[in-house]
Peer 1: 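Please see the structure below; I have some questions.
These figures come from a predicted structure and were not determined experimentally.
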Amino acid sequence: MNAVNDAVAATGVSAPASDVPALEQVVADARAEGIELKIVVIPTNPPIDTPLRDIATEVGTQHPEATVLALSPSFAGTYSTQFDRVTLEAGQDLAKVPADPVQSSKNFVGELTTPHFPWTGFTIALVLAVVAAVAATRVLQVRARRAFAHPHPAPDVAGTRAETAAPPPN
């Protein structure tokens, strides 16, 4: 981990030498988008993907403002204080697809920079609309119940109240 942290501190990338220049460009492009990206490439797969998230977290603790992507040929792990876990995992899913770390990194950054639908605002608005509909329905129910309990007599043609008349004699 010391060698990884040293490489990341120097260039933002810890990877096999053949991938470093292209990955440094991905880091620079991400920085232009407002993302302080660090990339760690492990040339072989661990038995499960959890160690990659651990590596990303370890690098992230050394660079608290960074978003870290750790890649192996088939797995990805991430860490960030800037992005939520859902966004990171969506980016991870895209980063796992090609076995090429440069394209995987570009896919990851692409997901982070893509605008997403504001589900939180939509949910709040929807809940408020449902509460307003329920309140309006209740007010209408109370008014209808009161109107049914206290009916007003209908006015007659002359505009006075209709009196109940005795039935005509036979």
Peer 1: When rounded to the nearest 0.5 angstrom, what is the spacing between CG in Asn5 and CD in Gln62?
Peer 2: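 Output value for this atom pair is 4.5 Å.
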Peer 1: Looking only at heavy atoms, which two atoms of His63 and Val8 are closest? And how far apart?
Peer 2: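 Heavy-atom minimum between the residues: NE2-CG1, 3.6 Å.
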Peer 1: Linking directly or through intermediates, with side-chain heavy atoms under 4.5 Å: list the remaining ILVMFWY members grouped with Val86, chain and number order.
Peer 2: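 Besides Val86, the cluster holds no residue at all.
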Peer 1: Rounded to the nearest 0.5 Å, how far apart are OG of Ser105 and CD of Gln25?
Peer 2: 12.0 Å
Peer 1: To check you understand the geometry: which heavy-atom pair defines the closest contact between Ala17 and Pro21, and what is its length?
Peer 2: O-CD, 3.5 Å
Peer 1: Return yes if a side-chain donor-acceptor contact under 3.5 Å exists between Glu33 and Thr113, otherwise no.
Peer 2: no
Peer 1: Transitive ILVMFWY cluster of Val139 at side-chain heavy atoms under 4.5 Å: who else is in it?
Peer 2: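 Val139 clusters with nothing; isolated.
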Peer 1: Once rounded to the nearest 0.5 Å, what's the spacing between atom OG1 of Thr81 and atom CD of Glu36?
Peer 2: 11.0 Å
Peer 1: Going by salt bridge (charged side-chain N to carboxylate O under 4.0 Å, His left out), name the residues that satisfy it together with Lys96, two or more places apart in sequence or in a different chain.
Peer 2: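 Partners of Lys96 under the salt bridge (charged side-chain N to carboxylate O under 4.0 Å, His left out) test: Asp93.
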Peer 1: Show which side-chain atoms of residues 47-59 pair as donor or acceptor with protein atoms under 3.5 Å away, not counting sequence neighbours.
Peer 2:
from	atom 1	to	atom 2	distance (Å)
Thr57	OG1	Arg53	O	2.9

Peer 1: More than 12 heavy atoms of other residues, nucleotides or ligands under 6.0 Å from CD of Gln141: yes or no?
Peer 2: yes
Peer 1: Starting at CG of Leu126, measure out to CH2 of Trp119 and round the result to the nearest 0.5 Å.
Peer 2: 10.0 Å
Peer 1: Could you check if a side-chain atom of Thr78 sits within less than 4.5 angstrom of a side-chain atom of Arg85, using non-hydrogen atoms only?
Peer 2: yes
Peer 1: Between atom CD of Glu89 and atom CG of Leu94, what is the distance when rounded to the nearest 0.5 Å?
Peer 2: 12.5 Å
Peer 1: My understanding is that a hydrophobic cluster links ILVMFWY residues whose side chain heavy atoms are under 4.5 Å apart, including indirect links. Using that, what else belongs to the cluster containing Ile35?
Peer 2: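 ILVMFWY cluster around Ile35 also holds Val13, Val20, Leu23, Val26, Val27, Leu37, Ile39, Val41, Leu69, Leu71, Phe83, Leu88, Val102, Phe108, Val109, Leu112.
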Peer 1: Quick one: does any side-chain atom of Gln92 pair with a main-chain N or O of Gly77 as donor and acceptor, under 3.5 Å?
Peer 2: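 Side chain of Gln92 to backbone of Gly77, a donor-acceptor pair under 3.5 Å: no, none is there.
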Peer 1: State the CZ-CD distance between Arg31 and Glu24, to the nearest 0.5 angstrom.
Peer 2: 10.0 Å
Peer 1: Answer yes or no: is there a donor N or O on one side and an acceptor on the other, between the side chain of Asn107 and the main chain of Ala95, under 3.5 Å?
Peer 2: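 Flag not set: sc Asn107 to bb Ala95 has no pair under 3.5 Å.
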Peer 1: Using the test side-chain hydrogen bond (donor to acceptor under 3.5 Å, both in side chains), find all partners of Thr67 that sit at least two apart in sequence or belong to another chain.
Peer 2: Ser80
Peer 1: Determine whether Val127 and Val134 fall in the same hydrophobic cluster, where Ile, Leu, Val, Met, Phe, Trp and Tyr are linked whenever their side-chain heavy atoms lie under 4.5 Å apart.
Peer 2: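 Different hydrophobic clusters.
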